[in-house]
Amino acid sequence: MHIFVAGGAGYIGSCTTEYLLNQGHEVTVFDALLNGHRSAVDKRAHFIQGNLEKLDVIEEAVKSAKPDGIIHFAAFIEVGESMKNPLKYFRNNVANAINLCQAAADNNVRKVVFSSTAAVYGIPEYFPISEHEPTKPINPYGDSKLMVEKILDWQCRQSNGRLKYTALRYFNAAGATAEHGEDHHPETHLIPLVLKAAAGEWPSITVFGRNYDTPDKTCIRDYVHVLDLAQAHLLALESDFCGSLNLGTGNGHSVQEVIDSVKRVTGRNFTVDEGERRAGDPDRLVADSSEARRILGWKPQFEDLDAIVESAWKWKLAHPNGYED
Ligand code: UDP
C-alpha cells in the first residue's frame, strides 16, 4: 500500500512510518514541522512539508501521492494549553482536519485512520473503559478529537461506505522504536520526564498529587507501546471497519509505579518531589481494548511496563539531546 501520513514527523507518526516502511509499504509524510522534527522523518519516506490549513496545498499533496490510505496524526496534543487557548485547538485539530477529510474524499481514498484519544471519555464511570462508555470530554483537546471522529463518521455515511475510517483512541503512548522516540518541546509527559530526572538532565520529578482514589494514591494510566500502536494503524488501514476503537494494554500503572520502574530499569536514583494535583486528571484511565483485539486482530507485544520504559531509555541513551532539529 501507499500510505499518506499527516503528522509523520511527530512522535507516534514517525514510529508508525518506520513500522509501515519495515512492513514493505510506501509512505508519504506530510508535516508542517511546527512541533515535529525533520530528522524524525524516515529517510525511506517521501516528504512534503506543508500545513493542513491550506486546502489547495493538502489537495495537491494527496492528489500527487495517490495513496491507498491516510493516517492523520497531525494535531496539537497538550491538554493544559487547550484549556488556555481553545481556538488554537479547534482551528488546527478540527478545521484543518476537515481539509484533510475533503482531500481524502476528492481523491477517492478508501480508508482514513485517525489518531484519537482516551480524553474523549472525560471522567469515565466504569473501568476498564470500553467504547460503550459515554464520550464527555472535559477539555478542548479531547473535544476536538471527538468532533473529528463525528465528522469522519458522517463522511463515511454520506459516501455510502466508500470512504471508511477508524478512529484509534490511544491511552498513554510510550516507549520507542529502534530509530524513533519521544521528543516534545516542552515535554509534559510522565515517562520522558522521569527519564530526564534519571539522566540528570532535570533535578527531580514532581508527582502531581498523592490523594487520588487508587491503592498508592497516585494516578493510574494505561501505558501502551508506540510500536503496538503502529501495528494497530496498519491493521486498521487493512480493515473495512468503520468506527472508534480503544488502544491500551488493559494494565494500569500508577505514577509511583512508573517512577519505581524507571529506577529499576536505569539503575539510577533521583529526587522525587511532591506537587499539587494537575487540573483535569482523572484518578484512573485503563482501557478495555477487547474490540480492537477482536475486530482488528490486534495483539500488543509490550504488556510489561519495564519493557516499555527500557525501550524509551535505550532511545534516550542513543539520542541524549533528542532530535537535532
Ligand atoms: N504526571 C506527574 N508528574 C509529571 C507529569 C505527569 O505526576 O511531571 C502524572 C499526571 O498527573 C498523570 C500521569 O502522570 O496522572 C500521566 O501524565 P501524562 O502527562 O504523561 O499523560 P496523560 O495521562 O495526561 O495523557
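Start at 1 and go down the list; that is how both ligands and their atoms are numbered. Note that these values count all heavy atoms, side chains included, but never hydrogens, waters or copies made by symmetry.
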For [X], side-chain hydrogen bond (donor to acceptor under 3.5 Å, both in side chains) partners two or more places apart:
{"X": "Asp213", "result": "none"}
{"X": "Ser261", "result": "Asp306"}
{"X": "Asp325", "result": "Ser39"}

Next item on the list: State whether Phe270 and Lys263 meet the cation-pi test: NZ (Lys) or CZ (Arg) under 6.0 Å from the six-membered ring centroid, and within 45° of the perpendicular axis.
Entry: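 Output yes; distance and angle both within limits.
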Next item on the list: Establish, for the pair Lys111 and Tyr165, whether the NZ or CZ atom is under 6.0 angstrom from the six-membered ring centre and no further than 45 degrees off its axis.
Entry: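 Lys111 over Tyr165 ring: no.
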Check: When clusters are formed by joining ILVMFWY residues with side-chain heavy atoms under 4.5 Å apart, either directly or through shared neighbours, do Tyr11 and Leu20 land in the same one?
Finding: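 Yes; tracing contacts between hydrophobic side chains, which count when under 4.5 Å, links both residues.
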Notebook entry, point to check: Can you pull the residues with any heavy atom under 4.0 Å from ligand 1?
Noted result: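 Protein residues near ligand 1 are Asn172, Thr188, His189, Leu190, Leu193, Ile205, Thr206, Val207, Phe208, Cys219, Arg221, Tyr223, Val255, Arg278, Asp281.
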